[in-house]
Undergrad: 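To start, I am sharing the structure in question, which I have written as structure tokens.
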Amino acid sequence: MQEYIQKRVLDICAYILETQATVRQAAQVFQVSKSTVHKDMTERLPALNKQLAREVRNILEHNKAERHLRGGEATRKKYKET
């Protein structure tokens with residue numbers, strides 16, 4: 001794995017652990033695609049650090065479990081403003 005990719009993976013990992021961010025939020029902050037963030041966290045991070053990968057996976061699973069609630073809240077706000 002190239003050095004700049006390793007740095008990106010670890011930077012995104014640190015950001016997600018620090019802020020409990022979603023894949024979308026992390027992708028926006030680091031200006032990469034959601035697919036890149038997902039691949040970095042599920043495939044590349046375990047090769048670098050298994051413990052960090054477990055911690056990030058737990059956060060991403062928690063975010064995935066709550067996404068239907070977040071989507072409903074966004075829709076509610078959208079129509080409340082108009």
Side-chain angles (χ1 to χ4, degrees):
M1 188 179 330
Q2 294 182 7
E3 191 174 319
Y4 79 95
I5 294 176
Q6 287 182 6
K7 181 179 178 348
R8 182 186 69 216
V9 169
L10 294 174
D11 288 347
I12 293 173
C13 171
Y15 178 76
I16 290 174
L17 290 174
E18 192 175 299
T19 63
Q20 308 285 308
T22 63
V23 170
R24 272 182 199 259
Q25 291 166 336
Q28 190 172 18
V29 168
F30 289 91
Q31 297 181 344
V32 295
S33 70
K34 294 182 306 182
S35 301
T36 299
V37 172
H38 190 266
K39 183 170 182 133
D40 285 352
M41 295 302 102
T42 59
E43 294 178 21
R44 295 180 177 130
L45 184 58
L48 295 174
N49 187 321
K50 291 190 185 300
Q51 178 59 34
L52 287 177
R54 277 192 288 274
E55 293 175 29
V56 168
R57 185 177 63 233
N58 288 337
I59 291 170
L60 296 181
E61 286 175 2
H62 177 76
N63 288 339
K64 186 176 180 182
E66 287 185 345
R67 74 180 173 191
H68 67 285
L69 300 173
R70 287 191 188 110
E73 186 61 33
T75 303
R76 193 174 303 112
K77 283 182 182 178
K78 176 182 173 182
Y79 288 106
K80 187 176 183 180
E81 292 174 4
T82 57

Undergrad: Measure across I12 and A26 and return the closest heavy-atom pair with its distance rounded to 0.1 Å.
TA: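 Closest approach of I12 to A26: CG2-CB, 4.2 Å.
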Undergrad: Starting from the C-alpha separation in whole Å, work towards a yes-or-no answer on side chain to side chain contact (heavy atoms under 4.5 Å, CB included) for T19 and Q25.
TA: CA-CA 10 Å; T19 63; Q25 291 166 336; 5.9 Å; no
Undergrad: Is it true that atom CD of Q28 has more than 12 heavy atoms of other residues, nucleotides or ligands lying nearer than 6.0 Å?
TA: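 It does not: Q28 CD has 12 such atoms or fewer within range.
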Undergrad: State whether the number of non-hydrogen atoms from other residues, nucleotides or ligands found under 6.0 Å of E61 atom CD is greater than 12.
TA: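 More than 12 heavy atoms, drawn from other residues, nucleotides or ligands, come within 6.0 Å of this atom.
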Undergrad: Closest approach of K34 and V23, non-hydrogen atoms and distance?
TA: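 Taking K34 first and V23 second, the nearest heavy atoms are O-CG1, 3.6 Å.
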Undergrad: Which heavy atom of C13 sits nearest a heavy atom of M41, and at what distance?
TA: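 Closest approach of C13 to M41, heavy atoms only: N-CE, 3.9 Å.
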Undergrad: Donor-acceptor pair, T42 side chain versus H38 backbone, under 3.5 Å?
TA: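 Pair found, side chain donor or acceptor close to backbone of H38.
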Undergrad: So which atom in R44 and which in R8 form the shortest heavy-atom distance, rounded to 0.1 Å?
TA: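 That closest heavy-atom pairing would be NH1-NH2, 3.2 Å.
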Undergrad: Once rounded to the nearest 0.5 Å, what's the spacing between atom CZ of F30 and atom CG of D40?
TA: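 It comes to 10.0 Å.
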Undergrad: Judged by atom type as modelled, is there a donor-acceptor pair below 3.5 Å linking the side chain of E66 to the main-chain atoms of N63?
TA: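 Between the backbone of N63 and the side chain of E66 there is no qualifying donor-acceptor contact (under 3.5 Å).
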Undergrad: Which atom names give the shortest non-hydrogen contact between I59 and A21, and what distance separates them?
TA: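 Minimum heavy-atom separation between I59 and A21: CG2-O, 4.2 Å.
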Undergrad: Say you draw a straight line from CG of L60 to CD of Q20; how long is it, rounded to the nearest 0.5 Å?
TA: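 L60 CG to Q20 CD: 10.0 Å, rounded to 0.5 Å.
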Undergrad: First locate atom CG of D11, then atom CD1 of I16, and finally report the distance between them rounded to the nearest 0.5 Å.
TA: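 It comes to 11.5 Å.
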Undergrad: If you take all heavy atoms of V29 and Y15, which pair is closest and at what distance?
TA: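 Scanning both residues completely, I find the closest heavy atoms to be CG2-OH, 3.3 Å.
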Undergrad: For Q51 and E55, does a side-chain donor sit closer than 3.5 Å to a side-chain acceptor?
TA: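 Yes.
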Undergrad: For L45 and L10: C-alpha separation, side-chain torsions, deciding distance, then whether side chain to side chain contact (heavy atoms under 4.5 Å, CB included) applies.
TA: CA-CA 7 Å; L45 184 58; L10 294 174; 4.1 Å; yes
